Amino acid sequence: MDIKRDKYLNDLRNRMHNGMIKVVTGIRRCGKSYLIFNIFKNYLVEQGVTESHIISIELDQRKNKKYRDPDAILDYIESCITDKQQYYVLLDEVQMLNEFEEVLNSLLHINNADIYVIGSNSKFLSKDVITEFRGRGDEVHVYPLTFKEFMQAYEGDMYHGWAEYMIYGGLPFTVTMKTEEQKIQYLTKLFDETYLTDIIERHHIEKSQELEDLVNVLASAIGSLTNVPKIEAAFQSVIQSNISANTIRQYIEYLEDAFVINKANRYNVKGRKYIGTPVKYYFEDVGLRNARLGFRQIEETHIMENIIYNELRNRGYSVDVGVVEKRGINKDGKAKRTQLEIDFVANLGSKRYYIQSAFHMPTEEKQRQEKASLIQVNDSFKKIIIVKDVVNVTRDEVGITTMSIYDFLLKENSLEL
């Protein structure tokens with residue numbers, strides 16, 4: 001099954017020969033190895049690069065065990081470079097290589113070698129892995145399949161595809177599975193036996209149950225404002241746990257560093273400043289989130305919001321939660337101020353979009369509620385409401401665009417519609 005991942009191929013193409021190590025990161029099973037050893041390698045061959053000038057080593061294979069020795073792999077790579085033409089070095093599971101940071105820094109000194117590396121444990125998945133290469137690493141972060149990528153492989157219409165994607169997410173292997181039982185078992189085991197195990201082993205966590213409880217709390221609260229004191233209170237009242245605020249904060253950082261969750265900070269649109277806590281957390285893959293909760297909390301409104309967030313991040317936007325202040329008069333005739341929320345403020349260079357995830361807007365009152373925060377923004381950037389319903393893309397008299405989730409996810413440049 002061939003799923004095109006053109007965005008990442010373009011990301012790699014744009015980084016070729018830049019004198020830096022291309023570091024491909026992302027959660028396990030999101031398609032990093034397929035990207036490098038199939039899509040990118042095929043591209044190189046199509047461009048006329050001969051096989052002898054593509055040095056591929058998958059360090060997790062038994063036959064390549066000897067190359068986990070730093071001197072052995074350096075000797076091997078140097079022996080393969082026999083002329084002054086360009087060579088491409090592709091290394092998978094590089095965290096299995098002893099002293100891999102020093103090896104990669106050494107490879108940078110080979111002038112006609114372009115280096116691409118992948119890692120799949122929590123050490124290499126860490127967001128700060130680039131610092132290991134003293135500023136000479138260039139990260140390409142791979143996300144699970146977007147809905148558009150998912151639909152390349154899904155045998156059905158977009159409506160049934162959405163129902164499937166919303167529950168089981170976008171890890172590529174789930175698309176190949178024929179039964180719900182297979183998908184459920186795969187995602188559940190993957191979360192428990194891979195993601196959590198990586199974090200526990202890397203950080204030497206002794207009270208693993210507290211980490212698991214925290215994951216459950218965050219999974220139940222996607223799209224909701226929360227902070228460490230609120231989570232601490234939930235632990236004390238519901239679980240009768242005395243876990244400290246510092247431990248909660250530390251565990252959240254571990255989950256972020258492993259790309260299991262992502263944080264959206266609050267941003268004061270008119271004041272042009274970040275507010276701080278509370279914040280929102282979203283899961284990198286909604287299928288993993290649902291698996292963690294035993295597929296018992298499938299709230300389509302919150303999951304749709306999570307999917308929109310992931311789509312924006314995948315397109316390269318930084319994403320915040322917007323806050324605007326509305327001034328008015330209360331019943332006593334006194335001035336009052338009300339804070340209204342914009343689900344997402346998406347920024348990329350000079351571009352900005354204000355986006356609401358509304359699911360349904362069946363009445364005029366509901367439409368007024370969803371538009372209220374957007375109306376308070378007085379700049380010229382585009383304002384969009386995304387709904388689950390199938391609707392034509394429309395723009396009202398105050399310039400607010402409404403579009404369906406299908407148009408947003410499936411159409412190229414949908415934010416410009």
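FYI, side chains are in, hydrogens and waters are out, and symmetry mates aren't considered; it's all heavy atoms of this structure. Everything numeric here is computed off the predicted structure, so don't read it as measured data.
The pair Glu253-Arg249 does not count as a salt bridge, with every side-chain nitrogen at least 4.0 angstrom from each carboxylate oxygen. A salt bridge is absent between Asp114 and Arg15; no separation between the charged side-chain nitrogens and carboxylate oxygens falls under 4.0 Å.
In this structure, the side chain of Arg28 does not engage the main chain of Tyr195 through any donor-acceptor pair within 3.5 Å. Although no hydrogens or angles enter the test, the distance criterion places a donor-acceptor pair under 3.5 Å between the side chain of Arg289 and the main chain of Ala219. Although no hydrogens or angles enter the test, the distance criterion places no donor-acceptor pair under 3.5 Å between the side chain of Asn98 and the main chain of Pro70. The backbone N or O of Glu341 sits less than 3.5 Å from a side-chain atom of Ser373, completing a donor-acceptor pair. Side-chain atoms of Asn314 do not come within 3.5 Å of backbone N or O of Asn310 as any donor-acceptor pair. A donor-acceptor distance shorter than 3.5 angstrom exists from the side chain of Lys270 to the backbone of Gln376, with no hydrogens or angles considered. Proximity of a side-chain donor or acceptor of Thr176 to a complementary backbone N or O of Phe173 within less than 3.5 Å is detected. Of the possible donor and acceptor atoms, one in the side chain of Asn306 sits under 3.5 Å from a partner among the backbone N and O of Phe283. Formation of a donor-acceptor pair under 3.5 Å by the Glu149 side chain with backbone atoms of Ile3 is not found in this model. Listed for the Lys148 side chain is no donor-acceptor partner under 3.5 Å among the backbone atoms of Leu409.
Side-chain contact of Thr50 with Ser52: a donor-acceptor pair under 3.5 Å is present, judged by distance alone. Between Gln209 and Asp213, the side chains place a donor N or O and an acceptor N or O closer than 3.5 Å (distance only, hydrogens not considered). Glu284 and His141 share a donor-acceptor pair across their side chains, judged by distance under 3.5 Å alone. For the residue pair Asn347 and Arg352, a side-chain donor N or O sits within less than 3.5 Å of a side-chain acceptor on the partner. Between Tyr267 and Asn265, the side chains place no donor N or O within less than 3.5 Å of an acceptor N or O (distance only, hydrogens not considered). For the residue pair Gln95 / Glu93, a side-chain donor-acceptor distance below 3.5 Å is found, with atom types taken as modelled.
Contact annotation: the side chain of Val94 never approaches that of Val23 to less than 4.5 Å [non-hydrogen atoms, C-beta and beyond]. Between Met304 and Trp162, some side-chain heavy-atom pair lies under the 4.5 Å cut-off. Residues Ile27 and Leu288 form a side-chain contact, since some pair of their non-hydrogen atoms from C-beta on lies under 4.5 Å apart. Counting heavy atoms from C-beta on, the side chains of Tyr309 and Ile222 never come closer than 4.5 Å. The closest side-chain heavy-atom distance from Tyr354 to Ile400 is not below 4.5 Å. Taking 4.5 Å as the limit, some side-chain heavy atom of Ile81 sits within range of a side-chain heavy atom of Ile55. The shortest side-chain heavy-atom distance between Tyr251 and Ile205 falls under the 4.5 Å cut-off. Side-chain contact between Arg315 and Ser414: present, with at least one pair of heavy atoms (C-beta onward) separated by less than 4.5 Å.
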One pair to check against side-chain contact (heavy atoms from CB on, under 4.5 Å): Glu325 and Thr338. What are the steps and the verdict? CA-CA 6 Å; Glu325 192 175 80; Thr338 305; over 6 Å; no

Quick one: do Glu311 and Ile308 satisfy side-chain contact (heavy atoms from CB on, under 4.5 Å)? Show the steps, please. CA-CA 5 Å; Glu311 178 72 21; Ile308 292 172; 5.6 Å; no

Go through it in stages, so that I can follow the logic: the residues are Tyr254 and Asp198, the test is side-chain hydrogen bond (donor to acceptor under 3.5 Å, both in side chains), and I'd like the CA-CA distance, side-chain angles, deciding distance and then a yes or no. CA-CA 10 Å; Tyr254 295 162; Asp198 276 352; over 6 Å; no

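Among Thr188, Asn216, Leu187, the single residue meeting the side-chain contact (heavy atoms from CB on, under 4.5 Å) criterion with Arg292 is Asn216. Tested against Phe408 for a side-chain contact (heavy atoms from CB on, under 4.5 Å), the candidates Ile307, Leu415, Ile384, Leu417 yield a single pass: Leu415.
Aromatic ring centroids of Tyr168 and Phe295 lie under 6.0 Å apart. His302 has its ring centre no less than 6.0 Å from the ring centre of Tyr282. Taking the ring centroids of Tyr406 and Tyr159, they lie under the 6.0 Å cut-off.
To the nearest 0.5 Å, atom CD of residue Glu164 and atom CE of residue Met151 are 10.5 Å apart. If you take CD on Glu99 and CG on Leu97, they are separated by 8.5 Å, rounding to the nearest 0.5 Å. To the nearest 0.5 angstrom, Leu104 atom CG is 13.0 Å from Met20 atom CE. Separation of atoms SG (Cys80) and CG (Asp75) is listed at 11.0 Å; rounding is to 0.5 Å.
Scanning all heavy atoms of the two residues, the minimum distance from Thr197 to Asp192 falls at OG1-O, 3.3 Å. When all heavy atoms of Thr174 and Lys183 are compared, the pair lying nearest together is O-NZ, 2.6 Å. The two residues Val260 and Phe191 come nearest to each other via the heavy atoms CG1-CZ, 4.0 Å. Residues Cys30 and Pro172 come closest through the heavy atom pair O-CG, 3.7 Å. Across every non-hydrogen atom of Met96 and Leu59, the tightest pair is SD-O, 3.8 Å. Between Ile298 and Asn290, the closest heavy-atom pair is CD1-CG, 3.6 Å.
Annotation: ring pair (Phe, Tyr, Trp, His ring centres under 6.0 Å) contacts involving residues 60-82, sequence neighbours excluded, comprise Tyr67-Tyr76.
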List the atom pairs, donor and acceptor, that lie under 3.5 Å between side-chain atoms in residues 385-395 and the rest of the protein, sequence neighbours left out.
{"unit_1": "Lys388", "atom_1": "NZ", "unit_2": "Glu300", "atom_2": "OE2", "d": "2.8"}
{"unit_1": "Asp389", "atom_1": "OD1", "unit_2": "His360", "atom_2": "ND1", "d": "2.8"}
{"unit_1": "Asp389", "atom_1": "OD2", "unit_2": "His360", "atom_2": "ND1", "d": "3.1"}
{"unit_1": "Arg395", "atom_1": "NE", "unit_2": "Thr401", "atom_2": "OG1", "d": "3.2"}

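Taking a 6.0 Å sphere around CD of Glu206, one finds it holds 12 or fewer heavy atoms contributed by other residues, nucleotides or ligands. Under a cut-off of 6.0 angstrom, the local environment of CD in Gln240 is crowded, with over 12 non-hydrogen atoms contributed by other residues, nucleotides or ligands.
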